[in-house]
Amino acid sequence: MSEITLISGSTLGSAEYVAEHLEEKLTEAGLSAEVLHGAELNELKHEGIWLIVTSTHGAGEIPENLQPLFEQIEEENPDLSKVRFGAIGLGSKEYDTFCGGIKTADRILQDHGAKRIGDRLEIDVTEHDIPEDPAEIWLQDWIILLNND
């Protein structure tokens with residue numbers, strides 16, 4: 001099994017906590033995982049498995065610590081056809097831009113050839129005091145899809 005690179009984007013830290021929790025769960029499941037908070041394109045292999053965990057900032061944008069990565073992808077136009085990824089977003093349904101950060105990240109990755117594994121998880125933090133809980137449930141199904149993909 002390939003290593004899974006968890007890439008988190010966060011303003012207040014919630015997405016970082018979720019990514020770190022999922023790294024622990026992936027390791028417990030016997031998978032190799034590494035978390036990068038606010039990764040840049042030159043830090044990432046253009047192949048393998050990525051798991052994007054991001055909150056939404058401002059008017060539905062990717063958080064500032066993750067914006068450089070997605071700007072680099074759009075500017076440099078890398079071939080990401082050997083990347084498979086999962087997508088988890090955190091946000092509040094009180095805003096019309098609910099989970100806008102992960103929706104943008106998902107679109108950009110697919111526009112550059114990456115293939116999403118499974119459905120995107122969108123966590124409403126007003127319904128889940130501990131966003132790690134729904135993310136962990138989603139991860140169990142995602143691991144099954146990963147092994148069958």
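The model shown is predicted, which means the values in this text are computed figures rather than measured ones.
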Is a side-chain donor or acceptor of E122 paired with a backbone partner of G89 at a separation under 3.5 angstrom? no
Return all side-chain donor-acceptor pairs below 3.5 angstrom for residues 127-138, not counting sequence neighbours, or 'none' if the list is empty.
unit_1 : atom_1 : unit_2 : atom_2 : d
E136   : OE1    : H21    : NE2    : 2.7
W138   : NE1    : D119   : O      : 3.1

Spell out, yes or no, whether L66 and F85 are grouped together once hydrophobic residues are joined by side-chain heavy atoms under 4.5 Å, including indirect joins. yes
Taking all non-hydrogen atoms of both residues into account, name the closest pair between L145 and G118 and its distance. CD1-CA, 3.5 Å
Closest heavy-atom contact between E43 and G38? OE2-O, 4.4 Å
Quiz question: by atom type and distance under 3.5 Å, do the side chains of H112 and D79 form a donor-acceptor pair? no
Enter the distance from K25:NZ to I143:CD1 here, rounded to the nearest 0.5 Å. 10.0 Å
With side chains defined as the heavy atoms from C-beta onward, is the minimum distance between P63 and S10 less than 4.5 Å? no
How long is the span from the CD atom in E3 to the OG1 atom in T5, to the nearest 0.5 Å? 5.0 Å
Contact check, side chains of T56 and E61, non-hydrogen atoms, under 4.5 Å: no
Does a side-chain heavy-atom distance below 4.5 Å link K93 with D124? yes
Heavy atoms of other groups near D96 CG, more than 12 under 6.0 Å: no
Report yes if the side chains of I7 and V53 come closer than 4.5 Å at any heavy-atom pair, otherwise no. no
N65 side-chain N/O to G9 backbone N/O, donor-acceptor pair under 3.5 Å: no
S8 side, atom OG; L36 side, atom CG - distance, nearest 0.5 Å: 8.0 Å
Enclosure of Q140 CD (heavy-atom neighbours >12, cutoff 6.0 Å): yes
Looking at W50 and L6, would you say the former's side chain and the latter's main chain have a donor-acceptor pair under 3.5 Å? no
Looking at OG1 of T54 and CG of L90, how far apart are the two atoms once the value is rounded to the nearest 0.5 Å? 8.0 Å
Quick one: does L139's side chain get under 4.5 Å of L26's, heavy atoms only? yes
Please round to the nearest 0.5 Å and tell me the distance separating atom CH2 of W142 and atom CG of N147. 10.0 Å
ILVMFWY cluster, I73 and V83 together (side-chain gap under 4.5 Å): yes
Would I52 and I108 show up in the same hydrophobic cluster when neighbours are defined by side-chain heavy atoms closer than 4.5 Å? yes
Is there a side-chain contact between I123 and I88, using heavy atoms and a 4.5 Å cut-off? yes
Please determine, by modelled atom types, if E20 and H37 share a side-chain donor-acceptor pair under 3.5 angstrom. yes
To the nearest 0.5 Å, tell me how far L80 CG sits from K45 NZ. 15.0 Å
Count I, L, V, M, F, W, Y as connected when their side-chain heavy atoms are under 4.5 Å apart, and connections chain through other members. Are L146 and L121 then in the same cluster? yes
For the residue pair V35 and A19, what are the closest heavy atoms and their distance? CG2-O, 3.7 Å
I'd like to check H46 versus L41 (side-chain heavy atoms, cut-off strictly below 4.5 Å). Are they in contact? yes
Could you tell me if the side chain of I4 sits less than 4.5 Å from the side chain of L22, heavy atoms only? no
Could you tabulate the donor-acceptor pairs under 3.5 Å formed by side-chain atoms of residues 97-107, not counting sequence neighbours?
unit_1 : atom_1 : unit_2 : atom_2 : d
K103   : NZ     : F98    : O      : 3.2
T104   : OG1    : G100   : O      : 3.0
D106   : OD1    : Q110   : NE2    : 2.6
D106   : OD1    : R116   : NH1    : 3.2
D106   : OD2    : R116   : NH1    : 2.4
D106   : OD2    : R120   : NH1    : 2.7
R107   : NH1    : D111   : OD2    : 3.3

Passes side-chain contact (heavy atoms from CB on, under 4.5 Å), E64 versus T11? Steps please. CA-CA 7 Å; E64 288 180 14; T11 303; over 6 Å; no
